[in-house]
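Down below is the structure, laid out as structure tokens.
Because only heavy atoms are used, hydrogens play no part in the values below, and waters and symmetry mates are left out as well, while side chains stay in.
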Protein chains: 2
Amino acid sequence: MSDTVTEPAPSSAAQRQSDRRTEILDAAERCFARSGFHRASMQDICGEASMSPGNLYRYFPSKEALIAGICERNRAEAVASFAMVDEAPNFFEGLAGLARHHLVDRTDAEVGLCAEIMAESRRHPEIAKLYQTIEGDIKERIAAMLRNGAKRGEIRSDVDFDAAAAVLMVLGDGMSWRRSVDPQFNAESALPLILQMIHCLLAKQDNKTGNCAGTSEKAAS
Amino acid sequence: MSDTVTEPAPSSAAQRQSDRRTEILDAAERCFARSGFHRASMQDICGEASMSPGNLYRYFPSKEALIAGICERNRAEAVASFAMVDEAPNFFEGLAGLARHHLVDRTDAEVGLCAEIMAESRRHPEIAKLYQTIEGDIKERIAAMLRNGAKRGEIRSDVDFDAAAAVLMVLGDGMSWRRSVDPQFNAESALPLILQMIHCLLAKQDNKTGNCAGTSEKAAS
DNA sequence: TCTATGAGAGTGAACGTTCATTCTCATTTG
DNA sequence: CAAATGAGAATGAACGTTCACTCTCATAGA
């Protein structure tokens, strides 16, 4: 706007705006995780962000935009977490790390927030579209990860990679929801069995001895 | 109540009442599946049931009671579906039938309704309690099914049956949510892979040749 | 240096709507 | 007639959103 003259604080304003937005999203995340999307009122979020409604609406045009913003942040974080797979010594350890990170290490609040977004995407078409784009992206990355693992000879190459990616997402969603809904569910102790099943689905059979069952302790790592 | 005298139409009144209740629950199911629990208003449900609000409240004291009623019906249906397992020729075919019935044959509306109930149980403590009771019951039945399969020598007997039951519920929830949330997900084509994984987890290793991967077409049935 | 100006961050009461629930009254049934 | 069954307008609370206004503070003019 006023860039004809010198720029005393050019990014400062934009930075302030961006900081404020993340502060608001943080507050909204806390409220949504605590009470769910429908029961968390804008007043609650305003209180959590120490801000008046009018001012909050200067940063986000609607409640829906808050979820959309949170979705985008989660997407960025999820995408980043795929980097760890490339650093792992082999396919299965990379997958195990990814699974642990997403399904065990996350706090209940984070997992609950994901559940909330999933549930919400069943209602709001806008959210649904955004969510499906993100999930499609993630599924594509998983499939690529599988193809890569096959190319490097670490997993079978005669599987339908897209179908396998879908199955992995089934497992992820299932674990998340069980955590969200069943207080007795222990993700930590379920993970080894899950990894064992995945190993069985994807590992190359070394036709003589290698039965999938034998790898359970390994997979638990 | 009035059983001191003869019973000219003893069940008639109670029967009418009960019929009306199921009609209302049917209507509510349709509305909840279509719009979700929060967006389906009592007015909508009244319209769907061709009934006035005042009258509907004579049969159910609150909106929450409607979900509770639907939960109970679902529980009854789920419990009944376990009967088919006993009629199956062996454990894995019984499990496959159960899985197909719950995860493939169900309509989108039925699956969506389950998703709705799960999401709702995250908010309403009353619903959460009811839901957890039901899920605990189902998990117990699955564990019993596993123990029975082991006793008959059809599956391994050195697995933690409760943990395995939890994993099976993870798979069920995951499939349901993927169906609810991802229009591209095809439960029909994912099921064989799922069953293959389960087979690998539970089948007795016939120490020489039997690798789980070989059973994929069988398990697909 | 001191005041005037203006932009935009921030406020919180108020609005219009939606919704679950209740109240009042009519109709049917036994 | 009395009780059960039904209809539908009314109620009151809660919510997302808006609006008229204030506060803060950097720069411009004197």
(request) Grab the CG-P distance between L56(B) and dC23(C) for me, whole Å please. (result) 17 Å

(request) Working to the nearest 0.5 Å, report the span between CD1 of I155(A) and CG of L146(A). (result) 5.0 Å

(message) Looking at dT11(C), I'd like to know if its phosphate oxygens (OP1 or OP2) sit under 4.0 Å from a side-chain N or O belonging to S52(A).
(response) yes

(request) Select from F37(A) and G54(A) the residue whose nearest nucleotide in DNA chain D is closer to the 5' end of that strand. (result) F37(A)

(message) Rounded to whole Å, how long is the line connecting atom NE2 of H124(B) with atom C1' of dA20(C)?
(response) 11 Å

(message) Output the rounded distance in Å from CD (E64(A)) to P (dC15(D)).
(response) 19 Å

(request) Report the distance from atom CG of N186(A) to atom CG of D162(B), rounding to the nearest 0.5 Å. (result) 12.5 Å

(request) Under 4.0 Å between any heavy atoms, over every strand shown, what does R58(B) touch: base, sugar-phosphate, or nothing? Just pick one. (result) base

(request) Please report, rounded to the nearest Å, how far the C1' atom of dT11(C) is from the CG atom of N55(A). (result) 8 Å

(message) Is there a side-chain contact between R39(B) and the phosphate of dT18(C), meaning an N or O under 4.0 Å from OP1 or OP2?
(response) no

(request) Give A40(B) one of three labels, base, sugar-phosphate or nothing, depending on what nucleic acid heavy atoms sit under 4.0 Å from its own. (result) sugar-phosphate

(request) Classify the ring geometry between F92(A) and H199(A) as parallel (under 30°), tilted (30 to 60°) or perpendicular (over 60°). (result) tilted

(request) Report the distance from atom CG of D19(B) to atom P of dG6(D), rounded to the nearest whole Å. (result) 11 Å

(request) Take atom CE of M42(B) and atom C1' of dA9(D), then tell me their distance rounded to the nearest Å. (result) 17 Å

(message) Without decimals, in angstroms, what is the distance between Q43(B) CD and dG8(D) P?
(response) 11 Å

(request) Output yes when at least one side-chain N/O atom of Y57(A) is less than 4.0 Å from OP1 or OP2 of dC19(D), else no. (result) no

(message) Check whether F37(B) forms a cation-pi arrangement with K63(B) (NZ or CZ under 6.0 Å from the six-membered ring centre, at most 45° off the ring normal).
(response) yes

(request) Determine the contact category for F60(A): base if any of its heavy atoms lies under 4.0 Å from a base atom, sugar-phosphate if only primed atoms, P, OP1 or OP2 are that close, otherwise nothing. (result) nothing

